There are 2 protein chains.
Amino acid sequence: MSGEVLEQRVGGAMDGRDDALSKFQKCSIALFVNAAAALSLPRSVGEIFGLFYSSEQALSLNEVTAHLGISRGSASEGIRWLRGMGALKQVEVPGNRREHFTAETSLRKLASGYLRDRIDPHLEAGQGLLGELGEAVDDGAKCGGFQRARANQVASWYRFIGRALPVIRALAGKF
Amino acid sequence: MSGEVLEQRVGGAMDGRDDALSKFQKCSIALFVNAAAALSLPRSVGEIFGLFYSSEQALSLNEVTAHLGISRGSASEGIRWLRGMGALKQVEVPGNRREHFTAETSLRKLASGYLRDRIDPHLEAGQGLLGELGEAVDDGAKCGGFQRARANQVASWYRFIGRALPVIRALAGKF
DNA sequence: ATTTTTGTTCAAAAAAACTTGAACAAACCT
DNA sequence: AGGTTTGTTCAAGTTTTTTTGAACAAAAAT
């Protein structure tokens, strides 16, 4: 035992609810649960990020389960997911070997992480399907012109999205 | 009976699978099912819109169930939803009393309908929660500065989104 | 007026998504 | 090494969402 730091509870049973969220934390959690719903993400992800966003000091997985009253499995998955998209940063806490995290607060990073993980894969799949659509046009049929026009239109939509997303990422950098 | 037009089937049993989708239609459906997944919408909504988008002539509910092999309930709900967000336009087909629809092809209208129905409600709820967050800041506590800074940051994010969405709608109008 | 066609609704069934908790592995400490 | 603590994984359980299908209502034809 060398540089022992507080943070660690008594010693014995500290497994039960350790709750005690501040009003501010509860509001933050509600806010990000709502945001998660808007993005069709699991509620637990919103809760976890809301907790981190409203907590000044870094938190470990165990603290997350204690504060939110969710299972270790959920917390682990949620943290992994948030970390994967760059919404949580790992932080070294001296004198404590647990992994600790804090919320990423750069909107640009949050947005690009989300886009990269949740949107880009669909966009790439869409590009492939778009190619197939073009090949499926039956120029011989009497509706050939119609089909060609539609295929061209969707293609232009994809070009639009491909241009708009980088703009959004760039603009988000100002916040 | 005056201006009788084709389009209507024989007369007797036409309920079974009437399938026969062109390759182009199948591709279109796959494309919009993928898009629906990207937006976390039900697969059936993607299928229905994909079918309309790839069909030159207007279709009725019954034709949708026949082509896609989905239940009348699903088709009805899906059409209602798409119509509500302005993705399907009702069209009069002379000599046929069924309601017929065609796909809306203006990206601006499609995008604003989606934003209006799926995003704006969450955004408004978020505004309310944002207000509560501001009130929840505990200026007395030692983390008061931290909380104030976070509340201000989220507020700036909301302002950003409030400005960015109209820009997107406007840009989408060019396609 | 009766029958047929068409569209909606909603309770129940099916499917998908999310959460839990216990078993496991890895790192740390004595 | 032996015993803790910490984090991950995944099968099973729970909840939510989506789909189905049958009953109902409305409009049109006979």
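These numbers come from a predicted model, not from an experiment. Order of the sequence lines fixes the chain letters, A, B, ..., with proteins taken first and strands second; residue numbering starts at 1 for each chain.
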Worksheet item: Applying the 4.5 Å side-chain criterion to the ILVMFWY set and letting contacts propagate, would I79(A) and V93(A) be lumped into a single cluster?
Response: no

Practice prompt. Measure from the side chain of S71(B), starting at C-beta and using heavy atoms only, and say which of dG7(C), dG21(D), dT9(C) lies closest.
Written response: dG21(D)

Item to complete: Using the six-membered ring wherever Trp is involved, compare the ring planes of F24(A) and F146(B) and label them parallel, tilted or perpendicular (cut-offs 30° and 60°).
Response: perpendicular

Worksheet item: Can you check whether S74(B) has a side-chain N or O nearer than 4.0 Å to OP1 or OP2 of dT20(D)?
Response: yes

Fill in: Single-linkage hydrophobic cluster, 4.5 Å side-chain cutoff, L21(B) and L31(B) together
yes

Worksheet item: Is a side-chain donor or acceptor of R83(B) paired with a backbone partner of Q90(B) at a separation under 3.5 angstrom?
Response: no

Fill in: Spacing between F101(A) atom CZ and dT6(D) atom P, to the nearest angstrom
14 Å

Discussion item. Whole angstroms only, please: what is the CD-P distance between Q90(B) and dT6(C)?
Written reply: 15 Å

Worksheet item: Would you say a side-chain N or O of S44(B) is under 4.0 Å from OP1 or OP2 of dT19(D)?
Response: yes

Worksheet item: With a 3.5 Å cut-off and no angle check, do the side chains of E47(A) and S44(A) form a donor-acceptor pair?
Response: no

Discussion item. How many whole angstroms separate atom CH2 of W81(A) from atom P of dA17(C)?
Written reply: 15 Å

Discussion item. On DNA chain C, does the nearest nucleotide to E77(B) precede the nearest nucleotide to S40(A) from the 5' side, or the other way round? Give the residue.
Written reply: E77(B)

Item to complete: Specify the separation, in whole Å, of atom NE2 of H100(A) and atom P of dA27(C).
Response: 19 Å

Worksheet entry | Rounded interatomic separation in angstrom, taking CD1 from I79(A) and C1' from dT6(D) | 12 Å

Worksheet item: P42(A) side chain: which of dT19(C), dT9(C), dT8(C) is closest?
Response: dT19(C)

Worksheet item: In whole angstrom, what separates R43(B)'s CZ from dT16(D)'s C1'?
Response: 19 Å

Discussion item. Any base atoms under 4.0 Å from S60(A), or only sugar-phosphate, or nothing? Heavy atoms, all strands.
Written reply: nothing

Item to complete: Can you tell me the distance, in whole Å, between the CD atom of E99(B) and the P atom of dA28(D)?
Response: 11 Å

Item to complete: Please state how far atom CG in L61(B) lies from atom P in dG21(D), giving the value in whole angstrom units.
Response: 15 Å

Worksheet item: Counting only distance, no hydrogens or angles, is the base of dG7(D) paired donor-acceptor with the side chain of R98(A) under 3.5 Å?
Response: no

Worksheet entry | S76(A) side chain near dT8(D) phosphate (N/O to OP1/OP2, under 4.0 Å) | yes

